[in-house]
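Residue numbering restarts at 1 for every chain, and letters A, B, ... go by the order of the sequence lines.
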Protein chains: 2
Amino acid sequence: MQVLLILGRILVYCKWYNAPMKRNAKKYRSNCPINFAQETFGDKWSLLIIRDLMFMGKKYYGEFLSSDEKISTNILADRLEKLEGDGLITKATDKENNSKKIYALTQKGIDLLPMFLEMIAWSAKYDNNTGTPAEFIKRLEGDKNSLIRELKESIAGSET
Amino acid sequence: MQVLLILGRILVYCKWYNAPMKRNAKKYRSNCPINFAQETFGDKWSLLIIRDLMFMGKKYYGEFLSSDEKISTNILADRLEKLEGDGLITKATDKENNSKKIYALTQKGIDLLPMFLEMIAWSAKYDNNTGTPAEFIKRLEGDKNSLIRELKESIAGSET
DNA sequence: CTGTATCCTTAGGGATACTG
DNA sequence: CAGTATCCCTAAGGATACAG
């Protein structure tokens, strides 16, 4: 047990937490993967924008604006820019309407899917304000990797 | 492909997103699992406190204070209280020192482990400020559930 | 409809002094 | 050492008007 504990911690975390900071790298509060994630999409809105792109099939400015949480327009513009700057999303011009922009997830963004699935599973378990998504939990208890593969294909297929 | 897309979305998300809000439930911005997660631990510090408990073996106030990100003492107190209120951590008095408190993850907190693993994996892939944790990635590509089981035992074993 | 720009408010958070 | 309590301030965010 003790061995496993130490093994687990070294394996999972400590090893690259103490890696030396590279020169000229963007400055984060620390050199920790959890902190990196927090600073990349750990604000009040980014996660929801990614959710809209990933699961809700949204791709237009107005669609994000209309989500239940009611993001305000200036904040949305700011977050879209930041997410684009961090390489999580792309912005392209709609062929049929030049003034319309299409937002889409990059591979880096799509790769957040596994984390989202675990987050959803956790919330489904503990948020007693939602029903229990039995099939989903069941599939997640099975072969996660195959579920993720399927969904990634699905998301990638919906872009363009 | 199209079928898969729709299947994926219904399966993963939409189904309980539209669940009716229960009476007297704590009010969130929306009835969405991602938003629930965001409002529970999506602030600037909670994730890091949980990280310290989960992977760093920390359990005392001063230990959290000493983390690289330099949380300030009033904020730490506030977040510990919120996390306890949300049932993610417990606070107990140290037997050997009455003025010392021991913080520990609850099951609800421990259950965030899978999400943390995916978050770490993503950051390890995209944060070019850290090295590549090859063994970890490799294990995560294999049987995730067995990895999670091992680590959960390890974390649970370290409490008390 | 897709954003910008502006104005204004407040919560989050930093610094630091203080208490048991 | 384990927290509380204050003071202060900035950045995040809401509301709304405006522009292409």
Side-chain angles (χ1 to χ4, degrees), chain A residues 26-30 34-35 38-53 56-86 89-104, chain B residues 26-30 34-35 38-53 56-86 89-104:
Chain A
K26 184 179 167 188
K27 278 293 182 297
Y28 293 90
R29 290 182 293 181
S30 74
I34 301 296
N35 183 66
Q38 198 285 320
E39 294 197 38
T40 305
F41 51 78
D43 69 288
K44 208 168 168 181
W45 294 106
S46 297
L47 223 47
L48 303 178
I49 295 171
I50 299 168
R51 169 204 67 186
D52 284 350
L53 285 159
M56 307 299 276
K58 298 187 177 180
K59 46 184 74 162
Y60 300 118
Y61 194 87
E63 292 180 313
F64 302 126
L65 270 186
S66 72
S67 290
D68 281 13
E69 295 87 3
K70 299 279 165 250
I71 188 171
S72 62
T73 168
N74 54 338
I75 303 294
L76 175 59
D78 180 81
R79 283 319 113 89
L80 287 172
E81 199 174 342
K82 176 169 191 297
L83 288 171
E84 195 187 358
D86 285 341
I89 66 175
T90 55
K91 180 182 188 173
T93 308
D94 193 341
K95 275 96 192 170
E96 289 147 21
N97 183 342
N98 258 342
S99 78
K100 206 162 194 173
K101 306 296 174 181
I102 300 185
Y103 297 93
Chain B
K26 184 179 168 190
K27 278 290 182 297
Y28 293 90
R29 289 183 292 183
S30 74
I34 301 294
N35 184 64
Q38 198 284 320
E39 294 197 38
T40 305
F41 51 79
D43 69 288
K44 208 168 168 182
W45 295 106
S46 298
L47 224 45
L48 302 179
I49 295 171
I50 299 169
R51 169 204 66 186
D52 284 349
L53 285 159
M56 307 299 277
K58 298 186 178 180
K59 43 183 75 163
Y60 300 118
Y61 195 87
E63 292 179 313
F64 302 127
L65 270 186
S66 72
S67 290
D68 281 14
E69 295 87 2
K70 299 279 164 249
I71 187 170
S72 61
T73 169
N74 55 337
I75 303 294
L76 176 58
D78 180 81
R79 282 322 113 86
L80 286 172
E81 197 173 343
K82 176 169 192 297
L83 288 172
E84 194 188 358
D86 284 341
I89 67 175
T90 55
K91 179 182 187 172
T93 307
D94 194 341
K95 275 98 191 169
E96 289 148 21
N97 182 342
N98 258 342
S99 79
K100 206 164 195 174
K101 306 294 175 183
I102 299 184
Y103 297 92

Atom-pair distance ([atom1] on [X]; [atom2] on [N]), nearest Å:
X      : N      : atom1 : atom2 : result
A/Y61  : D/dA19 : OH    : P     : 17 Å
A/R29  : D/dA11 : CZ    : C1'   : 14 Å
B/E69  : C/dG12 : CD    : P     : 20 Å
B/W45  : C/dG13 : CH2   : C1'   : 9 Å
B/N98  : D/dG3  : CG    : P     : 12 Å
A/L65  : C/dT2  : CG    : C1'   : 9 Å
B/I102 : D/dG3  : CD1   : P     : 11 Å
B/N97  : C/dG20 : CG    : P     : 17 Å

Considering heavy-atom distances to DNA chain D, does A/D43 or A/S99 have its closest nucleotide positioned more toward the 5' end?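 This one resolves to A/D43.
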
What is the minimum heavy-atom distance between B/E63 and B/K59, and which atoms define it? OE1-N, 2.7 Å

Going by an N to O cut-off under 4.0 Å, is there a salt bridge joining A/K101 and A/D94?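 No.
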
When you check the gap from the basic side-chain N to the acidic O, do A/R51 and A/E69 get nearer than 4.0 Å?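 Salt bridge between A/R51 and A/E69, a charged N being under 4.0 Å from a carboxylate O: yes.
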
Does A/Q38 use its side chain to pair, donor to acceptor, with the backbone of B/L47 at less than 3.5 Å? no

For the side chain of B/Y61 and the backbone of B/I102, is there at least one donor-acceptor N/O pair under 3.5 Å apart?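 Side chain of B/Y61 to backbone of B/I102: no pair is present.
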
Can you tell if the side chain of A/Y103 reaches within under 4.5 Å of the side chain of A/I49, non-hydrogen atoms only?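 In short, these two side chains do not touch, never coming nearer than 4.5 Å.
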
Candidate nucleotides D/dG13, D/dA2, C/dG13, ranked by approach to the side chain of A/K44 - the nearest: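 Taking heavy atoms from C-beta onward, the closest nucleotide is D/dG13.
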
Tell me, please, whether A/F64 has A/K58 positioned over its six-membered ring: NZ or CZ under 6.0 Å from the ring centre and within 45 degrees of its axis?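 The answer is no, since A/K58 fails at least one limit relative to A/F64.
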
Looking at C/dG3, I'd like to know if its phosphate oxygens (OP1 or OP2) sit under 4.0 Å from a side-chain N or O belonging to A/Y103.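 Result: yes.
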
Contact residues, residues 70-80 of chain A to DNA chain C [heavy atom, < 4.0 Å]: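 Output list: A/T73, A/N74, A/A77.
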
